[in-house]
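Predicted model only: the values in this text are computed from it and were never measured. We name chains A, B, ... by the order of the sequence lines, and we start the count at 1 in each one.
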Amino acid sequence: MTPYEPSKTEQNWQTAWNEAGVFTARRDPSKPKYYVLEMFPYPSGRIHMGHVRNYTMGDVVARYKMAQGFSVLHPMGWDAFGMPAENAAMERGGHPKTWTYGNIADMRGQMKPLGLSIDWSREFATCDPEYYGQQQAMFLDMLKAGLVYRKNAVVNWDPVDMTVLANEQVIDGKGWRSGAAVERKELTQWFFKISDYAGELLDALDGLEHWPEKVRLMQANWIGRSQGLQFAFETVNAPEGFDKIECYTTRPDTLMGASFVGISPDHPIAKALEKTDPDLAAFIAEARKGGTTEEAIETGEKLGRDTGIRVRHPLNPDWELPVWIANFILMDYGTGAIFGCPAHDARDHEFATKYGLTITPVFAPVEGEAPTGEFVPLKSEKVRYLKGFAGEEVQTGEDAIKAAIAFAEAKGFGKGVTNYRLRDWGLSRQRYWGCPIPVVYCEKCGVVPEKKENLPVLLPDDVSFDRPGNPLLRHPSWSQTTCPCCGAPARRETDTMDTFVDSSWYYARFTNPHAKTPTVAEDAAYWMDVDQYIGGIEHAILHLLYSRFFARAMVKTGHLPEKAKEPFKALFTQGMVTHEIYKTTDANGRPVYHLPEEVENGVLKATGEAVEIIPSAKMSKSKKNVVDPMNIIGSFGADTARFFVMSDSPPERDVEWTAAGAEATSKFLARVWRIAQEIAEGAPDAGNPAEDKALLKTVHKAIDDVTRAIEGFAFNKAVATLYGLANAFAKSQASNAVKRQAMQIAAQLMGPLVPHLAEDIWRLMGGEGFVVTAPWPKADPALLVEDEVTLPIQINGKKRGEVTVPKTMPANEVEKIVLADEAVIKALAGGQPKKLIVVPGRIVNVVI
RNA sequence: GGGGGAAUGGCGGAACGGUAGACGCGGCUGACUCAAAAUCAGCUACCUGACGGUGUAGGGGUUCGAGUCCCCUUUCCCCUACCA
């Protein structure tokens, strides 16, 4: 008997699979295809347990589908552009490219020992010129198709680092790295017209039945459709050119409760006024600054300034309202101007109270008085209108809104419009390590797209990060080029693309990753769409929404077939891997965190100092509650790591990593290996027919259970079934021949989860070829049915006994047996039951 | 503020409206051993000496029967955030 030594065998199987090319995806028209994809990783340099969990799930599905006879595509790549590479270059010197490719090599080296069924021949990184060149080609097609445009937009600008910051890099109004006060700066930037697709992206969510309801809802909220009225206030004493102020409202029924008109600090009128009124200009500058910090949003103090401008109420020209500039009004939603109705809007109420503006109730509860303070009932609720102007006196808000829009349209002072919260996707980044935007600025011809034959527009290698700012901008020659149109000297765009662009189409590129065009029609047609996409819930909104938009844009520009418009047929979002946090405090009272491997029984191994244990949280380097998968693989092997991350917790839920659990998993696998060897070494024997049948039944039940569990993404239940199966083998008195047969099936069931051990057992049992390519076992229906069933006997819903009867016994026979049961006779005490319920095959309930 | 989800033994978690706690971790007992580890066998929701009783966050309801369906309450987690 040989001991279980995964470190000796796992590598051999990986080599054997590799040499046989079992994971090479082939376009095979004779087979149904299955495309399983896990969200590709950012090459940070180390894989973590979350990766192991994510890729194991995908691998289980891929191997299972392969056994089911599908032609499987299961690729892997790297989301390789982005700021960490530049940050590393700034901190440690070196080049982002070196850093990135070095990290990729390291991570690939860590992933390969997991034995994933990945077709590595399709691997690419988004920073490969071969990839981003095709992305540039697609950008040009999208530009031509009117899906890309330029406009001014405000960005967070760090004046010290001379760079644009993402919102999450602005902490308390200061740059996360430099600590400098962040400025708002207007730049001309490139945008994708995702808003053109807002309605479609929203409506199509209904068709994504294999997506989590939660993700669909999050996207729906993000797109944020609203129906409302757009109308204009006529101004009385506004500056030249502003004789109207357009407003948008979702509550036109409250028009008679208007108390002021509010405009955004970025509204054209505000911009006109600040030129002549220094006092107002100061306020506007302050108002614009606010809102970027977390704290400002939290406290959200509402500030405003009366412009002195007055407007006429559309329903009564004699009624004049003041126009205020208010810090809580957003320029890029609706028209950047609103009318305030303090009686029925919490924000307006706060504002009106603060500045002493009138508060006029428009409606009240159907019964009783209007509450003091704002009254904001659900739109679906009926209310009594005090100052209605359209529809019934008592009606729901919804009906009143419809009536008000109809009224405004009939009178010609406004029209019903649909608005979306979703804004266009700004893709310009003033950064080096990203895909260059392939356009050229020519003095004569203006903005000119680069010619496709000049692609890729390559990033220059000779750049330095010792100074702040964008290296592309200060590069002596890179941006100097000639106009693709007239040949005159011209300047390249120095902005690069948002890295979300890279990840918005990589799934399509995997269908033919080294083609000279973004995609190849036959490959895209065969493989798309992705049958199963697996990743973290943190990408529920942006990445998935951008990908849905991009797939549509690729259909429009001819890079994907119509059927791939929704790129991900099914989506699964997995939970995090968590661990306790171990903390001590240093002499200065600052927290010090310790790795789990440094702690034993609540004290530091090195010093014996007690640690504070903080409840589990997502593994994070800063809290040091990380377990390096390489340690687990090194100590116990890949199969243990894979089996353990799939155990216990349902995949969508967080899983708590425990060292004890990993060790126990390893012991279990060793036990299975031992049992298999005992069977292999056992001599032929007579066995006993009842035991033989019992084991076969258990195994076939396990086929059924594991199949269902994998289909339903309940890997923890598949694991539980395998534990149960091992226990059955250990106890079974079946003949050696039957045990062999059963163990061979068990190897197949284990295959997706612990592929290396499964191969070992498969071979030991005399299986042909690889277990990974063997067809998935089918449960024999005859072995799934029980001949006898044990029915619990309930008396008034409480279990009081049980009775074992043949499965097919008719209900009236069962009744007789039940009525003869000792417990029932005792309970009845000579009387008759009120009711006798027999649920065939399940339960009996005697009602007394 | 808005939206979503969750709550079951010491712990992770099972359970078509039909025997609550599968399976695992941990723990306990025993076998093997000079001993330990490893391994194997068994026990392990709570109360009770036992008979029996009580139990799925709490309170109501529907049902022959509720962890599961409906209503209310509490707590926790996640997402989102001045969207007019």
Side-chain angles (χ1 to χ4, degrees), chain A residues 3 212-218 220-226 228-229 247-252 254 262 264 290-291 294 296-298 300-302 326-330 332-341 344-348 350-351 376 419-423 537-538 540-541 575-576 616-617 643-644 647-650 652-658 660-665 667-668 670-671 674 705 714 716-727 730-731 790-802 833-848:
Chain A
E213 186 58 39
K214 180 182 178 163
V215 174
R216 291 193 283 171
L217 215 116
M218 282 164 79
N221 289 340
W222 188 260
I223 296 168
R225 175 151 57 198
S226 70
L229 178 73
C247 282
Y248 173 75
T249 178
T250 56
R251 291 309 298 258
T254 64
S264 161
E294 287 275 330
I297 293 168
E298 282 297 321
E301 194 188 354
K302 297 195 175 15
N327 66 343
F328 63 94
I329 298 168
L330 308 171
D332 49 6
Y333 184 78
T335 61
I338 58 136
F339 77 82
C341 177
H344 304 295
D345 183 282
R347 296 156 302 181
D348 297 347
E350 185 188 335
F351 191 76
V376 192
N419 247 322
Y420 294 93
R421 185 181 168 279
L422 180 69
R423 287 152 218 193
I537 187 80
E538 66 271 22
I541 297 175
M576 303 176 296
S616 278
F643 202 65
F644 180 64
S647 322
D648 293 354
S649 282
E652 67 277 13
R653 227 180 284 176
D654 297 347
V655 65
E656 168 77 8
W657 179 272
T658 64
E663 201 187 335
T665 300
K667 283 183 185 175
F668 170 72
R671 178 167 171 240
R674 217 162 33 236
D705 287 347
N716 56 321
K717 288 190 228 167
V719 167
T721 300
L722 293 177
Y723 268 102
L725 192 55
N727 292 339
K731 287 193 179 66
T790 300
L791 299 179
I793 299 174
Q794 290 185 338
I795 293 170
N796 289 339
K798 298 251 179 218
K799 191 197 163 195
R800 286 290 181 268
E802 56 184 36
K834 267 197 208 139
K835 212 169 179 182
L836 190 55
I837 294 146
V838 177
V839 184
R842 298 223 64 104
I843 204 164
V844 181
N845 194 7
V846 186
V847 185
I848 296 170

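- Base pairing of A50(B): no nucleotide in any strand meets the Watson-Crick or G-U wobble criterion (both distances under 3.5 Å).
- Using the Watson-Crick or G-U wobble rule with both distances under 3.5 Å, C28(B) pairs with G42(B).
- Residue Arg225(A) is classed as having no contact, given no heavy-atom separation below 4.0 Å to the nucleic acid.
- Looking at heavy-atom distances under 4.0 Å, Leu217(A) makes contact with sugar-phosphate atoms alone, never a base.
- Residue Val839(A) is classed as a base contact, given a heavy-atom separation below 4.0 Å to a base.
- Residue-level contact check: Asn221(A) touches the backbone only, with heavy atoms under 4.0 Å from sugar-phosphate atoms and none from bases.
- Comparing U19(B), A84(B), C23(B) by their closest approach to the side chain of Ile329(A) singles out A84(B).
- Thr249(A) comes within 4.0 angstrom of sugar-phosphate atoms only, judged by non-hydrogen atoms across all strands, and of no base.
- G65(B) makes up no base pair with any nucleotide shown, lacking Watson-Crick or G-U wobble contacts both under 3.5 Å.
- The base-pairing partner of U33(B), taking Watson-Crick or G-U wobble contacts with both distances under 3.5 Å, does not exist among the strands shown.
- Of the nucleotides present, none pairs with G55(B) by Watson-Crick or G-U wobble criteria with both distances under 3.5 Å.
- Asn727(A) and Arg671(A) share a side-chain donor-acceptor pair at under 3.5 Å.
- For Arg225(A), the side-chain contact (heavy atoms from CB on, under 4.5 Å) partners two or more places apart in sequence, or in a different chain, are Leu202(A), Asp203(A), Gln227(A), Thr418(A), Tyr420(A).
- As judged by a 4.0 angstrom heavy-atom cut-off over every strand, Ser226(A) is placed among residues touching the sugar-phosphate backbone only.
- Here Tyr248(A) lies in heavy-atom contact (under 4.0 Å) with a base.
- Using a 4.0 Å heavy-atom cutoff across all strands shown, Asn419(A) reaches no nucleic acid atom at all.
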Quiz item: If the sugar-phosphate is the primed atoms plus P, OP1 and OP2 and the base is the rest, what is the B/S/- string for nucleotides 36-41 of chain B, using protein heavy atoms under 4.0 Å?
Solution: --SSS-

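- Residue Asn727(A) is classed as a sugar-phosphate contact, given heavy-atom separations below 4.0 Å to backbone atoms only.
- Pairing for A6(B) goes to U75(B), judged as Watson-Crick or G-U wobble with the two contacts each under 3.5 Å.
- Note on Ile537(A): nothing from the nucleic acid sits closer than 4.0 angstrom, heavy atoms only.
- Residue contacts shown for Lys214(A) are limited to sugar-phosphate atoms, with no base heavy atom under 4.0 Å away.
- Side-chain contact annotation: Ser264(A) with Tyr333(A), donor-acceptor N/O pair under 3.5 Å absent.
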